Protein chains: 4
Amino acid sequence: MSSTTAKSPDASRRSERSRKAILQASMELVGEVGYPKLTIEAIAARAGVGKQTIYRWWSSKAAVLLDAFTEVVHDENAEGSAGGLPDTGDIEADLKYVLRATADEFSDASFEAPYRALAVAAAADPELADQFVSRLREPGVRVYTERLRAGQEAGQIDPDLDLDLAVELLLGPFQQRWLNRTGPLTHEFTDGLVELAMRALAPRGAPR
Amino acid sequence: MSSTTAKSPDASRRSERSRKAILQASMELVGEVGYPKLTIEAIAARAGVGKQTIYRWWSSKAAVLLDAFTEVVHDENAEGSAGGLPDTGDIEADLKYVLRATADEFSDASFEAPYRALAVAAAADPELADQFVSRLREPGVRVYTERLRAGQEAGQIDPDLDLDLAVELLLGPFQQRWLNRTGPLTHEFTDGLVELAMRALAPRGAPR
Amino acid sequence: MSSTTAKSPDASRRSERSRKAILQASMELVGEVGYPKLTIEAIAARAGVGKQTIYRWWSSKAAVLLDAFTEVVHDENAEGSAGGLPDTGDIEADLKYVLRATADEFSDASFEAPYRALAVAAAADPELADQFVSRLREPGVRVYTERLRAGQEAGQIDPDLDLDLAVELLLGPFQQRWLNRTGPLTHEFTDGLVELAMRALAPRGAPR
Amino acid sequence: MSSTTAKSPDASRRSERSRKAILQASMELVGEVGYPKLTIEAIAARAGVGKQTIYRWWSSKAAVLLDAFTEVVHDENAEGSAGGLPDTGDIEADLKYVLRATADEFSDASFEAPYRALAVAAAADPELADQFVSRLREPGVRVYTERLRAGQEAGQIDPDLDLDLAVELLLGPFQQRWLNRTGPLTHEFTDGLVELAMRALAPRGAPR
DNA sequence: CGGTAAGCGAGACGGTACGTCTGGTCTTTGA
DNA sequence: TCAAAGACCAGACGTACCGTCTCGCTTACCG
């Protein structure tokens with residue numbers, strides 16, 4: 001996988017060994033010291049690599065981390081699952097199930113540290129935000145959009161809805177609570193959120 | 001207003017002149033160079049103040065900025081408005097009106113730069129997050145909670161709702177879109193958001 | 001004893017308690033941390049005194065130390081001895097005796113540290129050098145001049161000699177060796193120095 | 001010439017350009033502002049060099065200045081003269097000639113300022129004193145020792161003398177007067193000093 | 001004998017420099 | 001011939017002191 005944040009040199013000569021060492025070192029270090037104290041120098045030292053080798057291929061420590069995280073995510077997804085949301089026919093149950101899983105993932109420190117680091121860096125840096133959204137956030141969001149579309153076809157979701165807005169209604173509160181740490185990401189919370197959101201998403205004539 | 005992020009020295013001897021100069025310089029500079037390039041040295045230089053005077057009273061540049069921003073917000077609020085949301089009797093209209101105003105505020109660069117800086121810093125630093133939420137976010141959120149409670153009493157909002165969750169449903173998508181820059185904060189967006197959220201908040205038996 | 005390095009305030013109101021505490025603290029601290037790391041702040045803290053009280057009465061840390069040292073020297077001299085060199089009639093023996101004693105004094109750390117500090121500061125600062133020479137060095141040198149004058153009258157010293165130069169010949173090598181640490185100040189050294197110098201000071205026709 | 005005060009990095013990668021700029025800037029600045037007000041920051045700024053480059057290769061501003069001064073002295077010596085004292089056969093005349101020249105040198109401000117700075121720093125710091133004595137003082141002293149040895153062989157100096165002590169007798173008073181500023185370094189003084197010292201150094205049976 | 005003006009301990013202030021750390025660039029060297 | 005190693009310029013970090021200043025408070029003197 002080639003980096004979309006790369007600068008320009010001849011990628012064919014690139015050392016795969018160095019690339020991997022750098023990505024792995026970034027992930028380790030961000031977990032150990034946190035993003036603000038993560039330095040290019042430390043990454044280079046841990047990876048046994050010259051600083052220039054990092055500057056040659058990435059534009060910032062955020063770009064390194066984004067590549068590192070992307071690689072991990074892809075590896076995990078490749079391992080097995082189809083990636084889409086389950087479709088049992090009961091959309092509310094399906095959403096609850098997946099949002100619970102997402103909450104668990106966001107409570108796992110080894111996932112949380114680098115992901116939060118990237119989310120924060122992206123919030124501060126519009127250029128990085130593009131990358132972050134399109135490579136990490138979009139794929140995660142799309143499956144919700146698709147499940148909702150299936151729900152529309154099954155008559156469980158109002159057919160007139162703007163699905164993007166619908167997904168924002170569902171995930172915005174979740175992300176917000178996580179980013180601001182305004183409360184714990186419990187299953188009670190996610191279930192309640194799904195129930196409340198479904199009241200907005202259900203067809204208007206639906207039984208209540 | 002005394003800083004809750006202060007360290008410990010004898011506050012009675014504190015120079016008001018210096019305190020104000022520092023807060024003003026912070027606000028100016030964060031607008032000019034952005035939060036990541038904001039330095040204590042530059043604040044001190046701009047304010048005509050020794051660096052130690054900053055370190056004596058604040059623990060980080062984020063703490064300075066938080067005080068600076070808080071002061072601005074309080075000054076503005078003190079200038080006139082009662083601070084609460086309007087209550088015309090039509091809750092959806094009221095919410096649309098205020099969310100439009102909020103969107104406009106968040107589109108104003110002179111407000112956006114320091115506020116985003118703080119939001120980002122708070123997302124990365126739990127200690128700061130406490131301060132940020134309780135001093136800037138809470139007050140803004142509370143007025144929504146209160147308006148919704150009035151709506152409950154007026155029969156426009158489902159009386160069984162958890163109002164905190166209800167406010168999250170309304171503001172989460174807004175904040176998320178702003179932080180991630182996933183889309184523009186237009187009036188169309190805020191109106192649509194209010195309409196959709198109201199479908200979840202309205203009493204179950206309400207006419208649709 | 002009033003300080004000749006004082007600035008100008010009304011000395012009659014001066015706190016004797018503070019003055020003594022400052023001088024004592026200086027002497028202690030210069031022994032503990034050395035002259036370059038001796039700070040006014042530390043002296044004030046140790047003495048339980050405001051910094052301004054030091055700045056009010058002294059112009060520099062060297063001036064403080066000079067007063068402190070002068071006071072110690074005077075106290076010791078006042079304790080007993082007449083202060084002059086012994087005169088047994090044998091000038092070479094007398095000089096050897098006194099130079100041995102001087103060597104011992106300069107080998108005593110509690111004397112050496114502050115005295116060297118002053119000598120060094122004086123070498124760098126002409127203004128202080130005046131004070132240092134006239135208050136500490138001159139008195140010590142004068143006794144040699146007088147003993148040599150007595151030797152002239154007794155016919156043991158060449159009557160045509162410039163006595164100031166003669167004393168420089170005797171003490172210069174001693175001071176030089178001490179300041180530069182080019183060798184130890186042993187009794188062998190001082191005895192040899194006296195013997196050699198006496199060859200220059202003796203009357204030309206003297207038996208050899 | 002490699003610095004004996006260096007710390008430890010790989011000297012082969014050292015920038016000669018930076019090294020020279022630093023030494024030159026030190027010499028200029030010590031003349032302009034004096035040793036106590038000489039700062040590493042100012043040296044770095046004048047030399048167009050990062051501070052770290054100074055800290056990497058020297059342990060203190062005194063070490064920098066010592067290297068700078070050593071280099072100047074070596075350059076001058078390399079320019080021409082054999083470096084030894086003249087030997088006209090008349091040792092007293094030779095000594096007078098050289099001591100006059102030395103006095104003139106010590107009266108030259110551009111030489112005096114840095115040399116005094118080093119002498120003072122060395123007097124305060126034993127570690128630096130070693131360097132100072134062995135690199136600047138020793139070479140200057142040795143030529144006197146050698147000229148006196150020649151004088152011994154020529155029968156003008158007492159063959160039983162300890163030559164090191166003899167040189168101290170000659171130069172100690174000179175150095176002392178210079179360091180303490182107890183008098184001007186005139187030719188009258190140096191001539192008188194040589195004459196007096198020679199009375200001690202001449203063979204005992206010599207005609208007087 | 002009570003007011004007033006100094007010296008006092010305390011410590012905040014505007015500054016300068018410290019020595020360290022990291023960012024990003026440039027240069028040398030070994031595989 | 002490229003990448004590791006790391007020296008380089010630059011400049012912010014947070015700390016230590018500088019010398020000045022302002023606070024209340026004692027503590028003398030003087031009207």
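Nothing here was measured: the structure is a model prediction, and the numbers come from that model. Chain letters run A, B, ... following the sequence lines, proteins first and then strands; every chain starts at 1. Scope of the values below: all heavy atoms of this structure, side chains included, with no hydrogens, waters or symmetry mates.
- Between A:Trp58 and E:dG23 there is no side-chain N or O to OP1 or OP2 distance below 4.0 Å.
- Spacing between atom CZ of B:Arg14 and atom C1' of F:dT22 amounts to 17 Å, rounded to whole angstrom units.
- A 4.5 Å side-chain heavy-atom check between B:Arg116 and B:Leu179 finds at least one atom pair inside the cut-off.
- Using a 4.0 Å cut-off, no side-chain N or O of C:Ser18 falls inside it from OP1 or OP2 of E:dG7.
- Of the two residues contacting DNA chain E, namely C:Gly48 and A:Ser60, the nearest-nucleotide position lying further toward the 5' end is that of C:Gly48.
- Nearest-nucleotide positions on DNA chain E place A:Gln52 closer to the 5' end than the other of D:Ser12 and A:Gln52.
- When each of B:Ala42 and C:Leu38 is assigned the nucleotide of DNA chain F with its nearest heavy atom, B:Ala42 is the one assigned upstream, toward the 5' end.
- Remark: A:Arg56 is in phosphate contact with F:dA3, judged by side-chain N or O atoms under 4.0 Å from OP1 or OP2.
- If you check distances only, the side chain of A:Lys51 never reaches the base of F:dG6 with a donor-acceptor pair under 3.5 Å.
- Phosphate contact (OP1/OP2 of F:dA4, side-chain N/O of A:Thr53, threshold under 4.0 Å): present.
- Cation-pi geometry between B:Arg14 and B:Trp58 is satisfied (NZ or CZ under 6.0 Å from the ring centre, within 45° of the ring normal).
- Going from atom NZ of A:Lys37 over to atom P of E:dG23 covers 13 Å, rounded to whole Å.
- Less than 6.0 angstrom separates the ring centroid of B:Tyr115 from the ring centroid of B:Phe132.
- Between B:Ser15 and the phosphate of E:dA12, there is no side-chain N or O to OP1/OP2 separation shorter than 4.0 Å.
- With DNA chain F read from its 5' end, the first of the two nearest nucleotides for D:Arg13 and C:Glu41 is the one closest to D:Arg13.
- Contact between the side-chain N/O atoms of A:Trp57 and the OP1/OP2 oxygens of F:dA3 is not found at any separation under 4.0 Å.
- Spacing between atom NZ of D:Lys61 and atom C1' of E:dG19 amounts to 14 Å, rounded to whole angstrom units.
- Using a 4.0 Å cut-off between charged side-chain N and carboxylate O, C:Glu41 and C:Arg46 make no salt bridge.
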